[in-house]
Amino acid sequence: MTLNDNVNIEIKLLLEAIYLKYGYDFRGYAHAHIKRRLLNRLKTLGLKRISDLQKLILYDKDAFARLLKDLSINVTEMFRDPSFYLSLRNEVIPVLRTYPFIKVWHAGCATGEEVYSMAIILKEEGLYERTRIYATDLNSIVLDKASEGVYVADQIKNFTSNYQQAGGKGSFADYYSASHGLAMIDRSLKEKIVFSNHNLVTDGPFGEMNLILCRNVLIYFSRELQDHVIGLFTESLGGSAYLCLGSKESLKYSGHADMYDEISKKEKIFRKKLLWPRSQ
Amino acid sequence: MKYSAVVIGASAGGMDALRIILSSLPATFPLPVMVVNHIAPSSTNYLTRHLDANSPLVVKEAEEKENITDGAVYVAPPNYHLLVEEDKTLSLSTSERVKYARPSIDVLFETAALAYGPALIGVVLTGGNNDGSDGLKYIKDLGGTGIVQDPATAESNSMPNAAIETANPDYILPLEDIAKTLQELASL
Ligand SMILES: C[S@@+](CC[C@H](N)C(=O)[O-])C[C@H]1O[C@@H](n2cnc3c(N)ncnc32)[C@H](O)[C@@H]1O
């Protein structure tokens, strides 16, 4: 057995310990990223072995909180991948418009930029009043930031340019107020949004959604875990409802792929097939 | 076979340097090649198409969780880190920039080193920063082989210089000789 094999055993045990102690389940996440972060953390802490790290986080909650931050990737922005939002507006919104009530789920919403982007589109399309948006993440620190909706003003330039490329119909400046280097999202955009904690690995489905967006979350999962989560979405979507993934993600590794039609290959927009009940 | 994979990192001037190497490798080149070239976040897949058109090998943009196949060339997409999994599949990530770069050469090299150990060849090409130097050292520390483009033949020499200083590479080669050496090493 090489040293690397030993390290992998220790990582397995550490992830098990984290799950048992704190309930965060990283066991099915893609390995390379997790390992790189753990080895970096080991170095900064001046520890020799992953098993030393295990001892530390089992008995020191704050040390675990810091490690959790290391393991999380929360990078996001408003109208990230503008061409996706343009497709959403052109392909999906016209169908949603025919529904009396619209339920949207943002799974893995991080600090909320994506959720407010969606709220802006729905507002501009006159659909916001009959929408409910469920925005979830496993990380309560980012969820708190999401519900505050306060962002660093430096980012506004980028957000504005994304908004325009995404087919924005108004002026982006109407959606926030800036002061002291911060940009506060307009309160009216928050009205229909419910933020809550939900773990895609360990929690259950979320009823009868018309649209689920889960972008840039599945890339961090193993093929098996991706399949599990797609299954969860399939259960949570109503008939003919939409599923949107991140631009580098796919249904390729999921056994549920044949339950969906591909609406936009490039933008990763899928639509659940309407399955007629078998005649008796 | 002594080697199982090649990783290449390039920055300023990388497009031409990569083309020269990939166009000189034969269609029968037996190892997979993973490539990071620093590129603007909003770029299209032009680099990949350009390299594919100029190489006898299949050059494609890396997709998340895809199996690594011998003789294929995988290019990191703009704005994503490319990581190698120990089960010989590829991962992408949007995590923070490393040394201001995403994709990062260090991230590719370090994860590939963990996946391939001594069976890995790392190549640092032209570039105006020091990405890749720590990654190449990591490859060498785990028993792999390091090649650096001779700074005198590089459009931008800081990246090769940094790699030479940090990683003590096995070969420092003019650009034109790198493909030949890769072929020789691949046949060991
Ligand atoms: C890179 S962010 C993506 C944010 C946003 N969807 C976007 O595309 O810009 C990934 C988010 O997924 C969340 N996440 C990771 N694993 C999760 C899980 N098992 N359940 C719920 N959320 C998870 C992380 O906390 C993080 O906020």
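Convention: sequence-line order gives letters A, B, ...; per-chain numbering from 1.
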Next on the checklist: Please identify, among Lys252(A), Glu249(A), His31(A), Lys248(A), the residue contributing the most non-hydrogen atom pairs under 4.5 Å to chain B.
Outcome noted: Lys248(A)
Next on the checklist: Can a side-chain donor-acceptor contact be found between Glu267(A) and Ser247(A) if the only test is distance below 3.5 angstrom?
Outcome noted: no
Checklist entry - So, the side chain of His81(B) versus the backbone of Glu96(B): is there a donor-acceptor pair under 3.5 Å, distance only? => result yes
Checklist entry - Using a cut-off of under 4.5 Å for heavy-atom pairs, which of Thr94(B), Thr111(B), Asp87(B) has the most such pairs with chain A? => result Thr94(B)
Next on the checklist: Taking side chain as everything from C-beta outward and backbone as N, CA, C, O, which of these in Leu218(A) sits under 4.5 Å from a heavy atom of chain B? Side chain, backbone, both or neither.
Outcome noted: backbone
Checklist entry - What part of Val107(B) gets closer than 4.5 Å to chain A, counting heavy atoms only: side chain, backbone, both or neither? => result both
Checklist entry - Measuring heavy-atom distances to chain B, does Asn74(A) have an atom under 4.5 Å in its side chain, in its backbone, in both, or in neither? => result neither
Checklist entry - Which bit of Ser222(A) comes within less than 4.5 Å of chain B, counting heavy atoms only: side chain, backbone, both or neither? => result backbone
Item to check | pair Arg41(A)-Leu67(A): side-chain heavy atoms closer than 4.5 Å | outcome: yes
Checklist entry - Is Arg36(A) paired with Glu110(B) through a side-chain N to carboxylate O contact shorter than 4.0 Å? => result yes
Checklist entry - Hey, is CD1 on Ile141(A) packed in by over 12 heavy atoms from elsewhere, all under 6.0 Å? => result no
Checklist entry - Under a 4.5 Å heavy-atom cut-off, does chain A meet the side chain of Glu64(B), its backbone, both or neither? => result both
Next on the checklist: Any carboxylate oxygen within less than 4.0 angstrom of a Lys/Arg side-chain nitrogen, looking at Lys145(A) and Glu113(A)?
Outcome noted: no
